[in-house]
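One structure is given below, encoded as structure tokens.
Side-chain atoms are counted along with the backbone in the values below, which use heavy atoms only and exclude waters and symmetry mates. The shown structure was predicted, so the numbers you read here are calculated from the model rather than taken from an experiment.
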Amino acid sequence: MTNLPPSPAPSGPPGSSSATPSGMHPQDKRNLLIFGACALVIWLLFEHFVMGPRAEAARQAREQAALHAPTATIQSTALNQAAANQAAPKPLTRTESLKTAERIAISSPEISGSLSLVGARIDDITLKNYYVDLKNTEPVILMSPSGVKGAHYVESGWLSNDPQIKLPNDQSVWSVSTGSTAAKPPASTLSPDTPVTLYWDNGAGLRFERTYKIDRHFMFELTQRVTNNSGRDVTLFPYMALARSGIPEGFSNSVAYEGPVGYIGDEKHSISYDDLIENPAQSFSALNGWIGFGEKYWFSAIIPAQMKNHTYQFQAGGNKSDHTQTLFQLDARGDALTIPNGGSVEDQSHIFIGAKKLDLLNDYNDQLGLKYFDRAIDFGVLYFLTKPLYTVLIFLNGLVGNFGVAIILLTIIVRGLVFPLANKSYRSFAALRKVSPKMAEIKARYGNDKPRLQQELIKLYETEKVNPMAGCFPLLLQIPIFFAVYKVISIAVEMRHAPFFGWIHDLSAHDPLSVFNLFGLLPYNVPNFMMIGPWSILMLAMLLIQKHLNPPPQDQIQRDIANYMPWIMTYMLSHFASGLVIYWAFSNVLSVVQQSFIMRSMGVPIYLFSPDAAREHHEEHQKQTKKVLDQIREEQEKTIDQVSDEPLNTNSKGSKPKNGKKS
């Protein structure tokens, strides 16, 4: 690290202050020390008088909440009912279950469904703009009523320590409020323009109301209100619960995390389904947070009021031996609210049910004052790379209107960003290729003397000013970028069922063509493990060209790895999303162009498209190699002759024959 030169001493009359040899004025040093001391004192005072009392108040609030927590837990309202549903002789189909109770329709530009008046649950949600397959006939269903296969629903309500207080449950029949005007008909559809209010009276002076609102995308707003005319004060605990029956179909953690997840306070909690079955009750408390079920593309979450203490719970119940029957529940319970006689209280919360679109999650994060709601998308450990690349990819798709073209543009941008690293790497490879004949000569000469071989190679590197590791290190730095791009292409819901040109109709699926039936020309299908399409073939061609451009490995094991690696990588990547194969193939095209240009600029010959020149080069290389080997053989034979002649010469000078004559 090079230090900056010291500032010149200021001119002035004798006796004036001057800079110290270190370059800092004594006055500046004193000011810096004073500033540091003041900052430390301010920080200590802030911790003691501001943050300390806040932390203590929060701790006491949590202790009081735990002390006065309701004896009836949220588990009794959902998990016990799940056990009863599983004991039923014949479960209902989804269509049959939706007909068992009167419902309020739900409709927005993004979702459709209904809200049951029995239990007032949100248990019927379908996405309007996403389909199960490319036929676009069966929309994606995110929520289904309790008692059916794959049940998934949201419920809310109140808890109490007083068993005499009658509270609404999953069997309570709610009515639609007409509002302040009696002549106004009740809303029959919950939409962005028409909120819906439901009410239920316990017959003992408590009136419960729920007002549902929905925006134009995937967010519900729920306001729970209790009016007390019972003649005495009442203490209740608001809660929300998100339940799911069984592990969802298509579950996989191979690319992104799927399962129960939440940010509670400033900590992320990802508790897998298996972990939750082994430890079925886990609880956390914080002033802010959210909790939900994540899938690869979809997300459902409950978001209680922020900056109010809540207890968040991860639970599992029902049949734990059969994971298709296990009920998983996530809930959030607020602190006690005391309702005076003649008064009322409200509790506001939000519910997200929809696709994990980054721009929407960012907007909700700001609008609701949440923390890390964008991380409902599993960006992985390379968050600092993955999220920016995700954002750029979505932006490019908005510009060009085609995700395949956006991926190619992203490839150009990424290659531009890593150009300095790639340039250094390719220059190092070109220099090594230039001195490879000398390296081969050294290996032939000192192959049996490993220490001498290493010494001569190091001497060659110093003489020619090349470093074999200089080419590998920049490539290693690019590996995280490749994995970040792979993550983005794999998890982006915007790319799901997005078409490219030609035969690619879904960039999130593997290439549908295969070389083994001549890309569909032969009248038979091939198994999935043999699906190697045109983009994979292009990628293989680029990898083979790169292998030819790189310096030949000196070790046989490395040489074998270099020979087989392009084929292995092609086979592996051909089974990934075609969008990723397009990225890698086009990235390799740019790499070949860049490496070829660098090699030509450094005077390194390229015989890739000149078979005659390549043949001449190969023959000349063989002649030079034979010449070097012959020279080495002659030197070795001469050395052997000299060693064998030494005893004879010694005998002729210092010994006499037995007969006494000179020989």
Side-chain angles (χ1 to χ4, degrees), residues 74 76-86 88 90-108 111-128 139-158 166-178 185-191 194-202 207-214 218-225 238-246 293 300-302 327-331 347 349-354:
I74 307 173
S76 63
T77 63
L79 297 180
N80 291 343
Q81 188 202 352
N85 290 333
Q86 291 168 4
K90 182 181 179 181
L92 297 175
T93 64
R94 187 175 189 275
T95 303
E96 293 171 343
S97 181
L98 292 175
K99 295 179 180 178
T100 58
E102 187 178 355
R103 292 179 168 271
I104 296 293
I106 299 174
S107 180
S108 78
I111 65 175
S112 64
S114 60
L115 169 68
S116 175
L117 293 182
V118 176
R121 286 175 169 174
I122 300 177
D123 58 1
D124 173 27
I125 296 296
T126 299
L127 299 181
K128 288 184 175 181
V140 172
I141 297 173
L142 293 188
M143 293 208 160
S144 298
S146 174
V148 307
K149 182 181 179 181
H152 188 28
Y153 52 88
V154 179
E155 74 170 32
S156 56
W158 301 85
K166 186 179 180 182
L167 299 173
N169 56 35
D170 58 286
Q171 298 300 319
S172 301
V173 180
W174 293 70
S175 301
V176 182
S177 175
T178 59
S188 59
T189 300
L190 172 61
S191 69
T194 56
V196 169
T197 299
L198 308 180
Y199 70 91
W200 181 84
D201 198 306
N202 76 342
R207 177 184 171 93
F208 297 85
E209 295 182 1
R210 295 179 186 174
T211 299
Y212 295 88
K213 297 180 182 179
I214 185 174
F218 307 117
M219 187 67 75
F220 292 83
E221 179 185 299
L222 170 61
T223 302
Q224 296 191 90
R225 184 181 303 104
Y239 81 89
M240 299 178 67
L242 182 64
R244 156 162 271 152
S245 178
F293 289 104
S300 57
I302 50 177
L327 185 87
F328 303 95
Q329 180 174 297
L330 313 176
D331 51 67
D347 179 75
S349 55
H350 291 83
I351 304 162
F352 179 92
I353 309 169

- Under 3.5 Å side-chain donor-acceptor pair for S116 and R121: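 Result is no, nothing qualifies.
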
- Task: Decide side-chain contact (heavy atoms from CB on, under 4.5 Å) for L98 and R103; before the verdict, give the C-alpha distance in whole Å, the side-chain angles of both, and the deciding distance to 0.1 Å.
- Result: CA-CA 8 Å; L98 292 175; R103 292 179 168 271; 3.6 Å; yes

- Which is it for I122 and Y212 under the side-chain contact (heavy atoms from CB on, under 4.5 Å) test, yes or no, and what are the steps along the way? CA-CA 10 Å; I122 300 177; Y212 295 88; 4.1 Å; yes

Side-chain heavy atoms of [X] within contact of [Y], under 4.5 Å:
X: E102; Y: V118; result: no
X: Y153; Y: S144; result: no
X: I214; Y: I106; result: yes
X: V154; Y: L222; result: no

Heavy-atom pair with the smallest gap, counting every atom of [X] and [Y]:
X: S300; Y: L242; value: O-CD2, 3.4 Å
X: P145; Y: A151; value: O-CB, 3.1 Å
X: A243; Y: L327; value: CB-CD1, 4.3 Å

Name of the residue among [options] meeting side-chain contact (heavy atoms from CB on, under 4.5 Å) with [X]:
X: F218; options: I351, I125, L127, L142; result: L127
X: M143; options: I353, D123, D124; result: I353
X: W174; options: L198, I104, T197; result: L198

Using atom types as modelled and distance alone, determine if a side-chain donor or acceptor of [X] lies under 3.5 Å from a backbone N or O of [Y].
X: R210; Y: S156; result: yes
X: Q224; Y: G157; result: yes
X: S172; Y: N169; result: yes

- Plane angle bin for F208 and W158 - parallel if under 30°, tilted between 30 and 60°, otherwise perpendicular: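 Geometry flag for F208 against W158: tilted rings.
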
- Query: Which class fits the ring pair H152 and F293: parallel under 30°, tilted 30 to 60°, perpendicular over 60°?
  - Reply: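 The rings of H152 and F293 stand perpendicular, inter-plane angle above 60°.
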
- Working for side-chain contact (heavy atoms from CB on, under 4.5 Å), residues W200 and E209: CA-CA 6 Å; W200 181 84; E209 295 182 1; over 6 Å; no

- State whether Y199 and R207 meet the cation-pi test: NZ (Lys) or CZ (Arg) under 6.0 Å from the six-membered ring centroid, and within 45° of the perpendicular axis.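 Yes, R207 and Y199 form such a contact.
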
- Stepwise, does the side chain to side chain donor-acceptor pair (under 3.5 Å) test hold for S107 with S191? CA-CA 5 Å; S107 180; S191 69; over 6 Å; no

- Query: So how far is it from L190 CG to S112 OG, rounded to the nearest 0.5 Å?
  - Reply: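 Answer rounded to 0.5 Å: 12.0 Å.
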
- Query: How many angstroms lie between CZ in R244 and CZ in F328, if you round to the nearest 0.5 Å?
  - Reply: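 Output value for this atom pair is 9.5 Å.
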
- Item | NZ (K128) with more than 12 external heavy atoms under 6.0 Å |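 Buried by this count: over 12 neighbours within 6.0 Å.
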
